[in-house]
Amino acid sequence: MRIRLNTELLSGLFGLALAALFFLNRGQVGFLSAVFPNTVLVILTVISVALVARGLLAGEPSTLNLEGGGSVLIGIGVMVLWWVGIRYVGFVTTSVPLFAALALAMKRRAGPLASKDYLIAVAVALVVVGGFFWVFSEVLGIRPFRAPWL
Amino acid sequence: MDVLIAAALAVLQPHMLLIVLLGVTAGLFVGALPGLTATMALALMLPFTFTMDALEGLVALGAVYMGTIYGGAFTAILINTPGTPSSIATTFDGHPMAKQGRALEAISIATIASVIGGVVGVLFLLVAAPPLAQLALKFGPSEMFWVAILGLTLIGSLGTGSVLKGLLGGAIGLLIGTIGISPIGGESRFTFGWPPLQAGISLIVALIGLFVIPELLNMMRQGRAALDADTGLGNSGFRFGAAMTTVLSKPVNLIRSCLIGQIIAIIPGAGGSITSLVAYNEAKRGSDDPDSFGKGNPEGLVASESSNNVMVAGSMVPLLTLGIPGAPPDAVILGVMLLHGLRPGLDLFAETGVLANGFIISMGLAALMLIPVGLLGGRLIYQVIKRTPHYFLVPTILVITMLGTYALRNNLVDVALMLGLGMVGFVIRGLGLDAAPIVLGLILGTIAEQGYVQTILGGMAMDIPQLRLLENTLSQILIVLTVAVIGWTAWPKRTRKRE
Amino acid sequence: MTKTKLTPFASLLGAVAGLALAVPAVAQDFPSRAIEYIIPFNPGGESDITARMQEPMMEEALGVSVNVRHQPGGGGAVAWAEFQGNAEPDGHEIIGINLPHIVGQPIQRTDAGYTTEGFDIITWFHFTPHVLVVRADSPFQSLDDLVNFAKENPQSLTVGGSGTFSGNHLETLRMEQLTEADVTYIPFTGTGPLPAAILGGHVGAVISNSTLGVQMGDDVRVLAVASEERLDVLPDTPTFRELGYDIVGGTYRGVAAPKGTPPERIEMLANLFTEMNTTMAERQVPMGFQMTDIRGQAAIDLLARLRDQYGDFLTQ
């Protein structure tokens, strides 16, 4: 699927939204801490307004290819789940099944999966996740995650 | 001269060469992992250096440092992901080359450029350290402010798309950089009531989030095609001689990039993150065919990789002569020197000349060692990435980036920020907002803010404190340069449009 | 490298602590697993390098591995907040703490995320007193020269230091109050940029830790030191007290366990750190550190004293 979007207008609006978000949360800070962010907010607003104006007056809609959007949404979902799992369940216990699931989901787009594929995916996941976890925790000395399981 | 010979003899011992070899190799793989920085690699080395004598310890640290900065080039070329901030510009032409099936050629070029850069930096350090150090001291708060502003003008020519969108990206980067404790006021701001945000958004977190995650999402969307347009990451051969010819065929570019690397390296606090961007930009500007940049022009690759490896020895100039760490990894080296009872400064050369010069020579050796180690290691990493099916590559890279981001500060919040920024980055990339200007804004924002606020504070006794920004000669030179660059960027664009 | 003589005080402490440690260490079931030693600052800093030196000694004494991990951010606040929220109070998790940071941040910020009282302090193991430093070619030969200039030219003398409402800043304010000098304090981000600021003449003077004064050697002149007695490594530098101003202050570094850790484990760790100080002194005293052993009630009193000082300045 392809859609046509006025990207200048949209990026201008994104800039304005960001500026508003930060402006409303600027809090009570002294001159030394406020002078620079305030300047940046002004600059950001000016650039955003310029983009909005150009988008409205001389906008050239560009074509955006949305093909594979479903895979992207799956990818984003997997990433969110992954983080939540690391935080509340455990690194290895979360990473092995999600690694395998992501690999299988991506492979499936190329063709149907054989039962052998599932075994291979889990095996690769175990080796990669276990291997890198060992390297990072034992060799590079990162602190263990604070989660109930490994 | 006797000192130099004695120093060379002290370093050219078999066990020293072994330390350099191991250090470079270890550094190379650490540098290739996104999230693992040179600073962290050196910190991990610290306990080992306590068991060594001073020279051995410094040689090991220098070798790891050299390897790390170089290792960042691999992932930049192969999967469009800068392993360290200093290899951002390597992605611009390195990855397009890989996509055209010239991955090994790109790795060979990057290696040769890195070696030349590394050796040039060592030569500068040997012959010109004292005058360069004096120049470094001229950069006070107001000069640093103008350096940052000059750096921000890079945005005009960095992006491939519209200048206005590049500027928007830069401003967003500046804004993200203000999250956390303010550098001068010491107050927390933009934390949205959430204490972990006091730590701010680290450059590395933003770098991984904005470069890697969109790339992974893109691979999920397009499959293998995202990685290599037509040739399966290519099948071009080893091509060492051809790569050498390519690097040496544009001597002006090489010399200019090395000089830029050296000058930026001595500016304390500017760090190595922008050297490669500045050198890349100048290569593009000086080229007869600027439009070929970003599409796989080896000149861009040479500029980036030679300049960032000059920085390794280059940033030692203020460290060894004045005790001022020029880049974050240098702070670790300073710590080791102090622990061994060595006081950096010109006395270091006078009193312990063998040690100081030996350390410098060993960095040159480390640079030369990149040829065998880099070409073999690069080939290995290339084969691994080429032979791994994309559906295993994506989750593997995801695991590494999550562990790497966590390892950065042992903080799981950083991982969430990295993933979140990546998702936003993916969406706004669709709107034409590139990652490079955002990261540039993030790097330069802190420098600009510190310089501005400190200068104004220093001018409190004046009627208009802001005038202090214009006082020094070096500041005025930087202002003229900034204006010239803006004029240059705006002018040919207009003439080109008319054609 | 030359081995420097220990101060008699530190040797005595070490000997006593060594005896005290020998007995209980064998008798207890602690430690039963690796010790996590968090450093809330960047690699390469004074806290990090100190911990890296302690690491192998702790491993030898305790018989388990000791993992030094960095968790930098927010001037230490991120690690301290996470530690108070999540660390197990069983002695296997310890964290580096600094003064005046853990007093100043919760007062100054609304969202520091931790409290000054939320630690069981093991010991403050060393101290770097503040020093007032000028470049070697500065016209100020003594503290009096500097004070007189600052009185005659209000605000035109700049004094650099690390951070706002930090120990350096507080000391500058106290110096202004006691000497009636009027200077402009310029904060820098940490101690790292200060040598360049002073050598490049970007500030007129610097207030920083004694280690900086020692490290910069002949390039600078140390006008005064904020310790109770002169430092062995800076024998010609008078203390502020000798010059008639009651200024004693600096940065204390120590270690803490989570609130609720068994007292006998705290004591055992404290004895270990004190014992290690004898070895640490060989390397750290020549660098400008003073070894200390401030624990128990004395550690709590130190916090209270600093809080009073902060209160004075914030209410002004």
Side-chain angles (χ1 to χ4, degrees), chain A residues 5 7-8 10-12 14-15 18-19 22 25-27 29-37 40-41 43-44 47-48 50-51 54 62 64 67-69 71-72 74-76 79-80 82-83 86-87 95 98-99 102-104 106-107 109-110 124-125 128-129 132-133 136 140-143 145, chain B residues 30 36 40 44 162 164-165 167-168 171-172 174-175 177-178 182 184-193 213 216-223 389-392 394-396 398-400 402-404 406-407 410 412 415-416 419 422-423 426 428 430-433 445 448-449 452-453 456-457:
Chain A
L5 279 180
T7 57
E8 286 183 329
L10 283 174
S11 33
F14 175 76
L18 207 62
F22 275 71
N25 284 285
R26 67 195 186 286
V29 292
F31 171 79
L32 296 184
S33 307
V35 58
F36 185 77
V40 172
L41 280 175
I43 295 172
L44 179 60
I47 298 172
S48 303
L51 270 167
R54 236 175 77 166
S62 39
L64 220 64
E67 242 160 86
S71 310
V72 170
I74 292 174
I76 288 179
M79 286 178 193
V80 172
W82 209 320
W83 188 85
I86 293 174
R87 174 76 182 77
S95 299
L98 282 177
F99 185 109
L102 185 58
L104 289 169
M106 286 180 69
K107 188 167 197 292
R109 295 182 66 209
V124 171
V128 171
V129 171
F132 278 106
F133 185 66
F136 275 80
L140 300 175
I142 66 163
R143 196 159 65 127
F145 297 94
Chain B
V30 170
L36 297 187
M40 196 191 306
L44 287 168
S162 98
L164 209 49
K165 282 181 186 166
L167 291 175
L168 182 70
I172 292 173
L174 290 175
L175 195 60
T178 63
S182 67
I184 301 302
E187 295 165 279
S188 63
R189 57 187 185 195
F190 302 124
T191 54
F192 303 91
I213 298 300
L216 291 180
L217 290 171
N218 210 20
M219 282 190 227
M220 292 177 197
R221 194 162 73 100
Q222 301 182 352
H390 74 279
Y391 48 85
F392 285 141
V394 169
T396 304
L398 197 54
V399 168
I400 297 175
M402 286 197 292
L403 282 170
Y406 178 74
N410 285 297
L412 205 50
V415 181
L419 293 173
M423 294 168 198
F426 179 77
I428 61 177
L431 296 179
L433 296 175
E449 171 166 16
Y452 183 71
V453 179
I456 289 189
L457 273 175

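Numbered from 1 within each chain, the chains take letters A, B, ... in sequence-line order.
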**Prompt:** Measuring heavy-atom distances to chain A, does B/Met220 have an atom under 4.5 Å in its side chain, in its backbone, in both, or in neither?
**Reply:** both
**Complete:** Comparing B/Tyr406, B/Phe192, B/Tyr452 against chain A, the one with the most heavy-atom pairs below 4.5 Å turns out to be B/Tyr406
**Message:** Is B/Met402 in contact with chain A via its backbone, its side chain, both, or neither, using a 4.5 Å heavy-atom distance?
**Reply:** side chain
**Message:** Heavy-atom pairs under 4.5 Å with chain A: which of B/Thr191, B/Ile184, B/Val394 has the most?
**Reply:** B/Val394
**Request:** Pick one of side chain, backbone, both or neither for B/Leu412, based on which atoms fall under 4.5 Å of a heavy atom in chain A.
**Result:** both
**Best-contacting candidate, B/Leu217, B/Leu174, B/Leu403, B/Thr396, against chain A by heavy atom pairs under 4.5 angstrom** = B/Leu403
**Item:** Residue part contacting chain B, namely of A/Phe99, when any heavy atom lies under 4.5 Å
**Value:** both
**Message:** With a 4.5 angstrom heavy-atom cut-off, is it the side chain or the backbone of B/Leu433 that approaches chain A, or both, or neither?
**Reply:** side chain
**Message:** Heavy-atom cut-off 4.5 Å, strictly under: side chain, backbone, both or neither for A/Arg143 against chain B?
**Reply:** both
**Prompt:** Quick one: what part of A/Phe136 sits under 4.5 Å from any heavy atom of chain B, side chain, backbone, both or neither?
**Reply:** side chain
**Prompt:** Is chain A contacted by the side chain of B/Phe190, its backbone, both, or neither, given a heavy-atom distance below 4.5 Å?
**Reply:** both
**Item:** Contact class of B/Leu419 relative to chain A, heavy atoms under 4.5 angstrom
**Value:** side chain
**Asked** Under a 4.5 Å heavy-atom cut-off, does chain B meet the side chain of A/Val35, its backbone, both or neither?
**Response** side chain
**Request:** Could you look at B/Val453 and say if it's the side chain, the backbone, both or neither that has a heavy atom under 4.5 Å from chain A?
**Result:** side chain
**Engaged part of A/Val72 at the chain B interface, taking heavy atoms whose separation is under 4.5 Å** = both
